[in-house]
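What follows is one structure encoded as structure tokens, with my remarks underneath.
Letters go in sequence order (proteins before strands), and every chain restarts at 1. Just so we're clear, the structure is a prediction, and the values are computed from it rather than from any experiment.
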Protein chains: 2
Amino acid sequence: MNIGNASEKSGLPPKTIRYYEDIGLLKPDRADNGYRDYSMSDVHKLKFLQRSRGLGFSVEECRQLLALYEDKERASSDVKSIARTKLKEIDRKISELRELQHTLQHLVAHCHGDQRPDCPILENISGTADA
Amino acid sequence: MNIGNASEKSGLPPKTIRYYEDIGLLKPDRADNGYRDYSMSDVHKLKFLQRSRGLGFSVEECRQLLALYEDKERASSDVKSIARTKLKEIDRKISELRELQHTLQHLVAHCHGDQRPDCPILENISGTADA
DNA sequence: TGTAATGTTTCCAGTAACTGGAAGGTCAAG
DNA sequence: CTTGACCTTCCAGTTACTGGAAACATTACA
């Protein structure tokens, strides 16, 4: 599959896909004409990168997560340890998103342009009050 | 409150806090000695920025979200419309995090170093299978 | 009260993660 | 057989920080 097709399927621009190859996240085959040739597995990885980057994981974290799948030599305990660390981060991110969701719902429901300086929205948004 | 203190309370490095001021996200007072002086409201905003940046919102999106609070002149319908758009994104992010969570839990529970090339983990991670 | 450590300032340069554009090769359609 | 869409590499620009230097402010302690 050519890069344009992989781009559509993954949601990542071709530029970004080439960049990910440059930094060694992905090594697609090359066709005889020099074009990159993406397998379904490559596309899965790209889609995964598209998602996890959008969720605030750094490229290096994504590299670790991909390695969980790719590094078949890695000891089981290592895999589990990294996965558990990421699971904690994911829990935290979900909680924070829920609080933000709550706050915005409140904003939509109750604040109709007449916010005063003491509007408690920001306290809630910032997670410093009991939202 | 000095920048070091604001840094501790918000979780953002002083460098980043100054950068956010440079790009106009925040305008703390200045003390007589020239030091930045952060109010509790400023700290709330910083903490909010720390969170929402970590959740994959761009600086411009954060600016919009902060503006929901700050721009008291903005019409109610505008506020609600922006908030609703963000709420949809938040829903999506939460779903994606849940899927990633699911996949990693599966990895911790079942894949003990013997993943074969056909291991369905990546399909799940990338959200292209029914996870 | 001196002085050393710590904290703050600005400025400028470097990094991470893209993003845009030029110059040129490839391919499918008419 | 050429036009247009797609691909290649390379190099420069952008976003969002991050590190370091030089100088001024504050605090801590003998």
Side-chain angles (χ1 to χ4, degrees), chain A residues 1-39 42-43 45-67 86 89 93 96 100 126, chain B residues 1-40 42-43 45-67 86 89 93 96 126:
Chain A
M1 176 189 320
N2 283 350
I3 198 168
N5 206 335
S7 168
E8 264 180 59
K9 285 197 163 56
S10 66
L12 288 171
K15 284 273 181 187
T16 304
I17 297 178
R18 291 194 196 98
Y19 172 71
Y20 286 162
E21 185 178 347
D22 280 351
I23 62 172
L25 285 180
L26 198 76
K27 301 182 216 335
D29 284 346
R30 292 284 176 141
D32 291 344
N33 57 13
Y35 285 19
R36 289 168 179 83
D37 184 21
Y38 294 90
S39 66
D42 289 329
V43 172
K45 290 179 199 172
L46 290 171
K47 181 73 190 153
F48 164 71
L49 288 166
Q50 188 269 328
R51 287 190 148 202
S52 45
R53 290 290 295 123
L55 295 168
F57 290 99
S58 73
V59 165
E60 286 316 307
E61 289 177 304
C62 293
R63 195 191 295 276
Q64 265 193 333
L65 287 165
L66 275 182
K86 294 302 169 202
E89 285 177 51
K93 279 174 193 283
E96 290 178 357
L100 186 51
S126 62
Chain B
M1 175 190 322
N2 283 351
I3 198 169
N5 206 335
S7 168
E8 266 178 58
K9 285 196 163 56
S10 67
L12 288 171
K15 284 271 181 185
T16 304
I17 297 178
R18 292 194 196 97
Y19 172 71
Y20 286 163
E21 184 178 349
D22 280 352
I23 62 172
L25 284 181
L26 198 76
K27 303 186 215 330
D29 283 348
R30 292 285 176 142
D32 291 344
N33 58 12
Y35 285 18
R36 289 168 179 84
D37 184 22
Y38 294 90
S39 66
M40 283 316 289
D42 289 328
V43 171
K45 289 179 199 172
L46 290 170
K47 181 74 190 152
F48 164 72
L49 288 166
Q50 188 270 327
R51 288 190 148 204
S52 46
R53 289 290 295 122
L55 294 168
F57 290 99
S58 74
V59 165
E60 285 318 306
E61 289 177 306
C62 293
R63 195 191 297 275
Q64 263 193 334
L65 286 165
L66 276 182
K86 294 302 169 200
E89 285 177 51
K93 279 174 193 283
E96 290 178 356
S126 63

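- For A:Ser58, taking side-chain heavy atoms from C-beta onward, the closest of the listed nucleotides D:dC17, D:dT18, C:dA17 is C:dA17.
- Between A:Lys15 atom NZ and D:dC10 atom C1' there is a gap of 9 Å when expressed in whole angstrom units.
- Closest approach to the B:Thr16 side chain among C:dT9, C:dA17, D:dC17 is made by D:dC17 (side chain taken as heavy atoms from C-beta onward).
- Residue A:Asn33 places at least one side-chain N or O under 4.0 Å from the OP1 or OP2 atom of C:dC27.
- Scanning both residues, A:Val43 and A:Ser10, for their nearest heavy atoms gives O-CB, 4.5 Å.
- In this structure, B:Tyr19 and A:Gly34 both approach DNA chain D, and ranking their closest nucleotides by distance from the 5' end singles out A:Gly34.
- The 5' end of DNA chain D is approached more closely, in terms of each residue's nearest nucleotide, by A:Asn2 than by the other of B:Pro13 and A:Asn2.
- At the heavy-atom level, A:Ile3 lies under 4.0 Å from the strands shown only through sugar-phosphate atoms.
- Distances from the side chain of B:Arg36 to the nucleotides C:dT19, C:dT10, D:dT18 place C:dT10 closest.
- We find that CG of A:Asp32 is positioned 19 Å from P of C:dG25, with the value rounded to whole Å.
- The distance from atom CD1 of B:Ile17 to atom P of C:dT10 is 14 Å, rounded to the nearest whole Å.
- Protein atom CZ of B:Arg63 is 11 Å distant from nucleotide atom P of D:dT15, rounded to whole Å.
- When the nucleotides C:dT10, C:dC27, D:dC17 are ranked by their closest atom to the side chain of B:Arg53, D:dC17 comes out on top.
- In this structure, CD of A:Glu21 is placed 16 Å from C1' of C:dA17, rounded to the nearest angstrom.
- For the pair A:Glu61 CD and C:dA17 P, the interatomic distance rounds to 10 Å; values are reported in whole Å.
- When distances run from any side-chain atom of B:Tyr20 to the nucleotides C:dT10, D:dC17, C:dC18, the shortest one goes to D:dC17.
- Rounded to an integer number of Å, the gap from CG of A:Leu49 to P of C:dA17 is 12 Å.
- Note on A:Glu61 versus A:Lys86: salt bridge recorded, some NZ/NE/NH1/NH2 to OD/OE distance being below 4.0 Å.
- Using a cut-off of 4.0 Å between Lys/Arg side-chain N and Asp/Glu carboxylate O, A:Glu96 and A:Lys93 are scored as not salt-bridged.
- We find that OH of B:Tyr35 is positioned 8 Å from C1' of C:dT9, with the value rounded to whole Å.
- At a threshold of 4.0 Å, the pair B:Glu21-B:Arg30 counts as salt-bridged, since one of the basic side-chain nitrogens sits closer than that to a carboxylate oxygen.
- A:Ser7 places a side-chain N or O within donor-acceptor distance of the main-chain N or O of A:Leu12, the cut-off being under 3.5 Å.
- The side chain of A:Arg30 lies closest to D:dT8 when the candidates are D:dT8, C:dT8, C:dC18.
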